[in-house]
Structure formats: C-alpha cells, structure tokens
Trainee: 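A single structure is presented below for examination.
These values consider heavy atoms only, across backbone and side chains, with no hydrogens, waters or symmetry-generated copies.
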Amino acid sequence: MKYEIDLPADIQHCLTERANQTGQDVAHLIRLAVTRFVAEEVSANGDDSKWTQAKDDRRCELIDREIAGTISLPERAELASLQRIAEQHFDEIASPPMEEALKLHKRLISQPDA
C-alpha cells in the first residue's frame, strides 16, 4: 500500500538528519515509526499485557537479533512492545526501595555544612 503525505518542514529536516546519522533512508525511518506507533496502539488497546516466561524468551530472542543486526521492522516493533510490558511488570514486582534513600536524605539535610 502506498500513501503520499506532506510533512511539515521541521519534521522533514529531522528525518533527513536522522537518516544521515544512521545511514538509513527516510522511507525506512517512516516505516519504523509507523510500525512502532501501531504496536503501541495495539498494546494500549487491550493487548494481553500479562508478563509470561514465553514473552521473556521472545524478548531475549529479539534482543539477540537486534544485536546481531538481523531484526526485521515488525520484530523491532514487537520488541518495543515487549520491553514496555516487561518494564511495567518489573516495576510492579520490584519497585525501587525508597525507605533507605529517604533515611539518607534526612541524615544529609540534618548535618551542618562543613
């Protein structure tokens, strides 16, 4: 499917700069952005966001492909979606301990300046 769109000049400039920096063409960058956007929308609109071992295995597989440089555009979007779900999961099960940080903060602000 082909679409013709007019982008604002500032976005065209940013795309051109990014293409020059990465060695990729502008069309590839636009496809990547649209693929990620669609994956985010699917995830936000009721995609199964429960974290499972199978999802973690798939995420690791996709990370390996990304490192090897063999990851496809749809796989990049899938990896981005899995990364978001993983981060949400890990934030829920292991939120950062704040108690010790708060104690240290109190101790530091109560000390007189040296």
Trainee: Enter the distance from I30:CD1 to I5:CD1 here, rounded to the nearest 0.5 Å.
Mentor: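 Rounded to the nearest 0.5 Å, the CD1-CD1 separation comes to 5.5 Å.
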Trainee: In Å, rounded to the nearest 0.5 Å, how long is the span from CD1 of I11 to OG1 of T16?
Mentor: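 If we round to the nearest 0.5 Å, I11:CD1 and T16:OG1 are 11.5 Å apart.
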Trainee: Out of curiosity, E17 CD to T22 OG1, how far, rounded to the nearest 0.5 Å?
Mentor: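 Result: 11.5 Å between the selected atoms.
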Trainee: Would you say the side-chain atoms of S81 pair up with the backbone N or O of A77, donor to acceptor, closer than 3.5 Å?
Mentor: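 No: the side chain of S81 does not pair with the backbone of A77.
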Trainee: Treat each ILVMFWY residue as a node, draw an edge where side-chain heavy atoms are under 4.5 Å apart, and state whether I67 and L79 are in one component.
Mentor: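 Yes; L79 is reachable from I67 via cluster members.
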Trainee: As a quick check of understanding, evaluate side chain to side chain contact (heavy atoms under 4.5 Å, CB included) for E99 and L102, giving each step before the final call.
Mentor: CA-CA 5 Å; E99 192 173 311; L102 291 172; 5.9 Å; no
Trainee: I'd like to know if the side chain of E66 and the backbone of I71 have a donor-acceptor N/O pair within less than 3.5 Å.
Mentor: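 The answer is no, because no donor-acceptor pair under 3.5 Å joins these two groups.
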Trainee: Same cluster or not: I63 versus I85, using hydrophobic residues (I, L, V, M, F, W, Y) connected whenever any side-chain heavy atoms lie under 4.5 Å apart?
Mentor: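 Yes.
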Trainee: What heavy-atom pair brings A19 and D25 nearest, and what distance separates the two atoms?
Mentor: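 So the two residues come closest at CB-C, 4.3 Å.
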Trainee: Just so I know, are the side chains of E75 and T70 near enough to count as touching, which here means a heavy-atom distance under 4.5 Å?
Mentor: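 A side-chain contact under 4.5 Å is absent here.
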Trainee: For K103 and K106, what are the C-alpha separation, side-chain angles and deciding distance, and is it a side chain to side chain contact (heavy atoms under 4.5 Å, CB included)?
Mentor: CA-CA 5 Å; K103 285 180 186 177; K106 266 187 186 176; 5.8 Å; no
Trainee: Counting C-beta onward and ignoring hydrogens, is there a side-chain heavy-atom pair between R31 and H28 closer than 4.5 Å?
Mentor: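 Yes - at least one pair of side-chain heavy atoms lies under 4.5 Å apart.
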Trainee: Shortest non-hydrogen contact from L82 to W51?
Mentor: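 Looking at all heavy atoms of both residues, the closest pair is O-CZ3, 3.6 Å.
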Trainee: When hydrophobic residues are tied together by side-chain contacts of less than 4.5 Å, even through go-betweens, does L73 share a cluster with V34?
Mentor: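 No; V34 is not reachable from L73 via cluster members.
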Trainee: Measuring from R58:CZ to T52:OG1, what's the distance to the nearest 0.5 Å?
Mentor: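 Spacing of CZ (R58) from OG1 (T52) equals 12.5 Å.
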Trainee: Going by an N to O cut-off under 4.0 Å, is there a salt bridge joining E87 and R84?
Mentor: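 Salt bridge: no.
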Trainee: Would you say the side-chain atoms of K55 pair up with the backbone N or O of K50, donor to acceptor, closer than 3.5 Å?
Mentor: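 Between the backbone of K50 and the side chain of K55 there is a qualifying donor-acceptor contact (under 3.5 Å).
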Trainee: Could you give the distance from CG (D10) to CG (L15), rounded to the nearest 0.5 Å?
Mentor: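 Reported value, rounded in 0.5 Å steps: 10.0 Å.
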Trainee: State the CZ-CG distance between R76 and L32, to the nearest 0.5 angstrom.
Mentor: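 Going from CZ on R76 over to CG on L32, the span is 6.5 Å.
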